[in-house]
Amino acid sequence: MRVDVVTIFPSFFDVLEVSLLGKARASGILDVRVHDLRDFTTDRHRTIDDTPYGGGAGMVMKPEPWGQALDALVADDEANEETRPTFIFPSPAGERFTQATARELAGHRRLVFGCGRYEGIDERVFDYAETLGEVRLLSLGDYVLNGGEVAAMAMIEAIGRLIPGVVGNPESLVEESHESGLLEYPSYTKPAVWRGREVPPVLLSGHHGHVAQWRHEQQLDRTRSRRPDLLGDDESSVV
Ligand code: ADE
């Protein structure tokens, strides 16, 4: 998968060099390229924002550098395929980004993340991007970050680890929180007793059926108490 990121803070993304995603980049499974929005400005001051029409607080990102950046990225496509990129603009005003969104986007050939700062990006940029590909405004949750960078990083990690070959043991992905619509069951390792706390005996029993049943009950209990919103009105759909 190719992932392009447009930002005024390219160094935020240095962290993608490390860990699992760093390995995926090194092996070519994930081709991530980070671009500085200011490189697409044409004035001496490399201006990327201006005051909002209609008044109000803060600054709005100007459409011209975004237009230049998106055009350049669409033109730079070695695959030269018919399929168009998917543009993702992290935004607290977007649709909710969930594990299902991550799974869907992991199947896309090319993603372009546009990271806005300040009060946002001129709305016409989203209309224009729709002429070049699919456009998604996605929110991590109901809180406001200073800009799209941290959100884009979280989304790249959530999506990237679902690409085959990125996580060494694909089975580890199956039993995670949110994959089944429930939170993950608790995990334990040796020693069997630590600081007076015992591992639940069923896990030492060697009885796979009992272990599976216990884990499922734990998933339900945790989800009921911590995230009842995931169960909805009809719990029978997940039992
Ligand atoms: N940018 C600012 N806040 C955000 C959020 N909650 N999710 C995604 N992008 C954001």
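For ligands, and for the atoms within them, numbers begin at 1 and follow the listed sequence. Just so it is clear, the values below take in all heavy atoms, side chains as well, and ignore hydrogens, waters and symmetry mates.
In this structure, the separation between CG on Leu138 and CZ on Arg96 is 11.5 Å, given to the nearest 0.5 Å.
A side-chain N or O of Gln99 and one of Glu179 form a donor-acceptor pair less than 3.5 Å apart.
Scanning the protein for heavy atoms near atom 3 (N) of ligand 1, the closest one is Leu145 N, 3.0 Å. In terms of protein heavy-atom proximity, atom 6 (N) of ligand 1 is closest to Tyr143 O, 2.7 Å. The nearest protein atom to atom 7 (N) of ligand 1, hydrogens excluded, is given as Leu140 N, 2.9 Å; this is a heavy-atom distance.
Proximity annotation for atom 9 (N) of ligand 1: of Gly148, Ala152, Cys115, Ser91, Ser91 comes nearest, heavy atoms only.
Contact check for Arg25 versus Asp31: no side-chain heavy atoms found under the 4.5 Å cut-off. Counting only heavy atoms from C-beta outward, the side chains of Leu203 and Tyr188 approach each other to under 4.5 Å.
Residue Ser139 has at least one heavy-atom neighbour below 4.0 Å for each of these atoms of ligand 1: 6 (N), 7 (N), 8 (C). Every atom of ligand 1 is numbered from 1 in the order shown, and the set under 4.0 Å from a heavy atom of Leu138 is 8 (C). The contact set between ligand 1 and Ala151, taken as ligand atoms under 4.0 Å from a residue heavy atom, comprises 8 (C), 9 (N). Those atoms of ligand 1 with a heavy atom of Gly147 less than 4.0 angstrom away are 1 (N), 2 (C).
Taking a cutoff of 4.0 Å between a charged side-chain nitrogen and a carboxylate oxygen, Glu217 and Arg215 do not qualify as a salt bridge. With respect to the salt-bridge test (charged N to carboxylate O, under 4.0 angstrom), the residues Glu134 and Arg84 do not qualify.
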Which is it for Thr86 and His108 under the side-chain hydrogen bond (donor to acceptor under 3.5 Å, both in side chains) test, yes or no, and what are the steps along the way? CA-CA 8 Å; Thr86 301; His108 288 217; 2.8 Å; yes
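Heavy-atom separations between Asn146 and ligand 1 are all 4.0 Å or longer.
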